[in-house]
Number of protein chains: 2
Amino acid sequence: MENDTIIHNQGLTKPEKDDYSTNNCAVTNALKIMGGKWKMLLIKIIADDCVSRFGELKRKMDDIAQTTLTIQLRELERDGIICRKAYAESPPRVEYKLTEIGITLLPVIQVLTDWNDNYCRLTK
Amino acid sequence: MENDTIIHNQGLTKPEKDDYSTNNCAVTNALKIMGGKWKMLLIKIIADDCVSRFGELKRKMDDIAQTTLTIQLRELERDGIICRKAYAESPPRVEYKLTEIGITLLPVIQVLTDWNDNYCRLTK
DNA sequence: ATACTTAGTATGGAAAACGATACCATTATT
DNA sequence: AATAATGGTATCGTTTTCCATACTAAGTAT
């Protein structure tokens with residue numbers, strides 16, 4: 001019973017001191033940028049598409065409100081994860097794609113997807 | 001402009017059809033279990049501790065409300081991520097630890113931590 | 001007797017997230 | 001002249017999430 005308390009911690013980086021407060025925890029920090037109901041899904045779709053238009057995203061996430069989609073895109077843009085390119089046409093055309101920093105988030109998406117495919121069913 | 005649309009998608013598993021709706025997306029599914037403001041942090045702390053007591057968790061996450069902590073722990077328990085062991089003592093003693101399935105979530109935590117350490121600063 | 005400890009629960013309220021609806025400008029189409 | 005398409009914004013309401021406060025039971029220490 002005592003010996004298995006060591007096993008599952010291998011490979012996890014322990015914090016120097018026990019500081020998990022809001023401003024100092026790596027997990028919390030990362031989630032400030034990519035947390036929430038829609039962000040990771042949005043990042044995944046834009047990655048799959050390479051370049052996405054607004055209406056395309058709206059169609060694929062068919063249960064998101066348009067206002068919510070706009071807000072999420074603005075925040076991802078503000079945080080340097082995606083970039084927005086608007087063309088001076090009519091009707092308007094706007095394209096979204098991942099920035100270089102946004103691309104560095106793909107391993108997070110992938111490991112989450114892998115976990116779902118391999119282990120999530122065991123939780124039921 | 002066209003050629004760089006391919007690069008960043010390497011290694012990402014594309015969905016068969018463009019189905020990102022609420023019930024069918026792997027990312028969304030995984031986040032149903034470990035999403036939210038506190039879950040991943042909780043999983044990380046319990047992993048660091050190997051075994052955590054309630055008051056210990058409360059102290060380390062000093063800005064979480066006690067009621068919220070209880071709810072998060074109950075949900076993680078319900079979803080098979082942690083297990084709860086209460087001792088018939090007084091004052092009560094309750095211990096939380098990761099289940100085997102909970103342990104499979106650690107790579108998710110790790111990759112999130114790594115991203116924060118390596119790339120998050122670039123978003124500023 | 002009183003105070004302290006742990007791991008909660010109960011209640012009420014505030015804040016954040018999210019959604020539905022209506023509206024807009026510009027151009028092309030019918 | 002009316003309609004449709006795109007990518008929004010503005011407003012308001014709901015739902016979800018979260019927090020603050022008060023309270024509890026049982027044993028231990030003073």
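All values below were derived from every heavy atom in this structure, side-chain atoms included, with hydrogens, water molecules and symmetry-related copies excluded. Here is the naming used below: chain letters follow the sequence lines, and residue numbers restart at 1 for every chain.
- Rounded to whole Å, atom C1' of D:dG8 lies 13 Å from atom CZ of A:R53.
- At least one side-chain heavy atom of A:Y96 sits under 4.5 Å from a side-chain heavy atom of A:L57.
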Just the table, please: protein N/O against nucleotides 27-30 of chain D N/O, every pair under 3.5 Å.
residue: D:dG27; atom: O4'; partner: B:S90; partner atom: OG; Å: 3.3

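- Of the N and O atoms on the side chains of B:Y20 and A:D48, at least one donor lies less than 3.5 Å from an acceptor on the other residue.
- The distance between atom OH of B:Y87 and atom P of C:dA7, rounded to the nearest whole Å, is 12 Å.
- To the nearest angstrom, P of D:dT17 lies 16 Å from CG of B:L69.
- Note on A:K37: every side-chain N or O is 4.0 Å or more away from OP1 and OP2 of D:dT15.
- The residues A:K32 and A:D79 are annotated as not salt-bridged, no charged nitrogen and carboxylate oxygen being separated by less than 4.0 angstrom.
- Positionally, the nearest nucleotide of DNA chain C for B:V94 lies more toward the 5' end than for the other of B:V94 and A:I64.
- Rounded to whole Å, atom C1' of C:dA17 lies 11 Å from atom NZ of A:K39.
- No side-chain donor-acceptor contact under 3.5 Å links A:T68 and A:W38.
- If you take CH2 of A:W38 and C1' of C:dA16, they are 16 Å apart, rounded to a whole angstrom.
- Pairing each heavy atom of A:L41 with each of B:V27, the nearest pair is N-CG1, 4.1 Å.
- Looking at A:E75 and A:K39, a side-chain N of the basic residue comes within less than 4.0 Å of a carboxylate O on the acidic one, giving a salt bridge.
- Ranking D:dC18, C:dA7, C:dG19 by closeness to the B:P92 side chain, first place goes to C:dA7.
- Note: CG (A:L57) to P (D:dG8) measures 10 Å, nearest angstrom.
- Of the candidate nucleotides C:dG8, D:dT6, C:dT21, C:dG8 has the atom nearest to the side chain of B:F54.
- For the pair A:R84 and D:dG7, the criterion of a side-chain N or O lying under 4.0 Å from OP1 or OP2 is not met.
- Note on A:R93: every side-chain N or O is 4.0 Å or more away from OP1 and OP2 of D:dA5.
- Counted within 6.0 Å of CD on A:E100, heavy atoms from surrounding residues, nucleotides or ligands total 12 or fewer; the atom is thus considered open.
- Under 4.0 angstrom from either OP1 or OP2 of D:dC19 there lies at least one side-chain N or O belonging to B:T68.
- The distance between atom CD of B:Q66 and atom P of C:dT5, rounded to the nearest whole Å, is 14 Å.
- Counting any heavy atom pair closer than 4.0 Å across all strands shown, A:E75 reaches no nucleic acid atom.
- The shortest non-hydrogen separation linking B:S52 to B:I46 is OG-CA, 3.5 Å.
- Within the nucleic acid shown, A:K58 has no heavy atom closer than 4.0 Å to any nucleic acid atom.
- Atom C1' of nucleotide C:dG19 and atom CD of A:Q72 are separated by 12 Å, given to the nearest angstrom.
- For B:T67, the listed nucleotide lying nearest its side chain is C:dT11; candidates were C:dG8, C:dT11, D:dC18.
- Nucleic acid contact class of A:E56 (heavy atoms, under 4.0 Å, all strands): none.
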